[in-house]
Amino acid sequence: MGRLSFQVTGESHGPELNLVLTGLPAGLEIPRERIDHWLSLRRQLAGRGPRAARESDLWTVTTGVSGDHTNGGPLHISIANKDRSGESVDRQGAKANLEFPRPGHADLAGALKWGLDDATAVAELASARITAAYTVLGAICQEILAGAGCHSLAHVTRVGTVIDRRRNWRKGVRLSRLVEQLEASSLLFLDGKREQEARKLLTEVDLAGDTVGGAFEIVVAPVPPGLGGPQPLGARLDSRLAATVMGIPGVRAVAIGDAFGADRLLGSRFHSPLHYSAGKGYFHQRNTAGGVEGGMSNGEPIVLRAVVKPLASLGKPLASASLRDGRAGTAPAVRSDVCAAAPAAIVARALVAFVLADVLLDRGQGDGFEPICHR
Ligand code: EPS
């Protein structure tokens with residue numbers, strides 16, 4: 001769409017994941033520590049199942065660098081899988097029988113698409129394992145944002161019934177200290193007491209053989225105004241951000257700003273008065289627009305929110321029907337994570353960094369400002 005593009009390949013239990021990223025400027029340092037840090041957050045935050053603990057996400061750059069810096073060519077990075085068994089396993093460690101699709105998983109739709117009587121191949125492609133590669137992508141793109149002075153954070157706002165403290169992300173907010181605070185929390189919560197409640201809930205849900213949904217928000221600030229555009233559709237920042245984050249397995253709803261709940265409100269209540277000060281420039285009292293109006297950044301923090309469904313692999317599975325002959329049965333009790341909210345938030349931060357790095361690098365004729373970062 002813009003200047004950057006990427007491809008990711010790999011199966012959940014295949015030998016490796018591969019990321020090919022094109023369009024990077026030459027001379028960008030590969031941020032090894034940040035990549036490892038983001039990967040370990042994605043792997044180790046609360047809510048993960050036994051598989052995540054077994055992986056170490058060792059990654060190797062094979063092309064596109066000269067020493068520690070990009071050389072202007074396509075960057076290729078592979079991430080090794082430790083579990084290379086080629087198939088999902090059940091909670092006892094035996095091959096999961098995917099003749100009976102897990103309701104809510106990709107199993108049924110993929111089996112119908114490819115005419116399969118066992119959904120193993122579908123589960124391999126649909127697995128969230130691929131998000132390790134998105135995380136590497138985002139950690140690199142965050143360097144481009146950093147070059148433009150933009151910080152970003154991932155905050156889990158809900159795990160099941162437990163809601164974390166909320167903030168109004170207003171212009172001038174400094175994100176770097178908050179990032180440290182959030183990353184010290186096992187669930188990317190701001191409030192330690194609520195984090196403990198959410199941890200307790202995760203343990204209970206796991207013991208019950210169930211999974212639980214959640215929600216998160218990604219915040220980027222400061223953001224220069226005018227990124228994106230009202231036309232064409234593919235240039236709209238809201239459309240690009242939402243479409244990209246919606247592609248994370250488990251994410252089922254994406255909103256910009258305070259849009260969740262806006263269906264109940266009057267315009268005079270939802271929108272917020274506009275002000276101007278010499279120091280801050282233009283700003284709204286409340287950032288209900290989430291920093292994007294008319295498909296363009298308005299200079300306020302970008303706030304993207306998303307809902308993650310409860311994962312479909314259950315310890316006490318639902319009734320299902322055979323892919324062979326339709327007979328009634330039960331879906332398998334496949335090994336799984338308990339809640340995807342925290343790892344998905346890290347992945348969303350990564351993909352948001354990709355979209356914003358792309359619009360920052362791609363600014364050219366018609367955009368009306370000096371390129372911020374084009375080493
Ligand atoms: C996943 C199921 C689990 C997760 C996996 C995504 O794997 P397994 O089937 O081996 O138990 O742990 O996520 C990862 C391996 C990862 O690195 O994120 C799924 O069905 O999507």
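In listed order, ligands and their atoms are each counted from 1.
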Quick one: does any side-chain atom of Arg91 pair with a main-chain N or O of Val334 as donor and acceptor, under 3.5 Å?
yes

Could you go step by step and tell me if Asp83 and Arg129 meet the salt bridge (charged side-chain N to carboxylate O under 4.0 Å, His left out) rule?
CA-CA 11 Å; Asp83 187 333; Arg129 174 74 191 140; over 6 Å; no

Go through the side-chain N and O atoms of Glu87 and His13 and say whether any donor and acceptor fall under 3.5 Å apart.
no

Output yes when Arg324 and Asp117 qualify as a salt bridge under the 4.0 Å nitrogen-oxygen rule, no when they do not.
yes

Taking the side chain as C-beta and beyond, is there a heavy-atom pair between Leu75 and Ile140 under 4.5 Å?
yes

Please determine whether a side-chain nitrogen of the Lys or Arg among Asp337 and Arg51 lies less than 4.0 Å from a carboxylate oxygen of the Asp or Glu.
no

Around ligand 1, what residues show up once you keep those with a heavy atom under 4.0 Å from it?
His13, Arg42, Arg48, Arg51, His105, Ser127, Ala128, Arg129, Arg335, Asp337

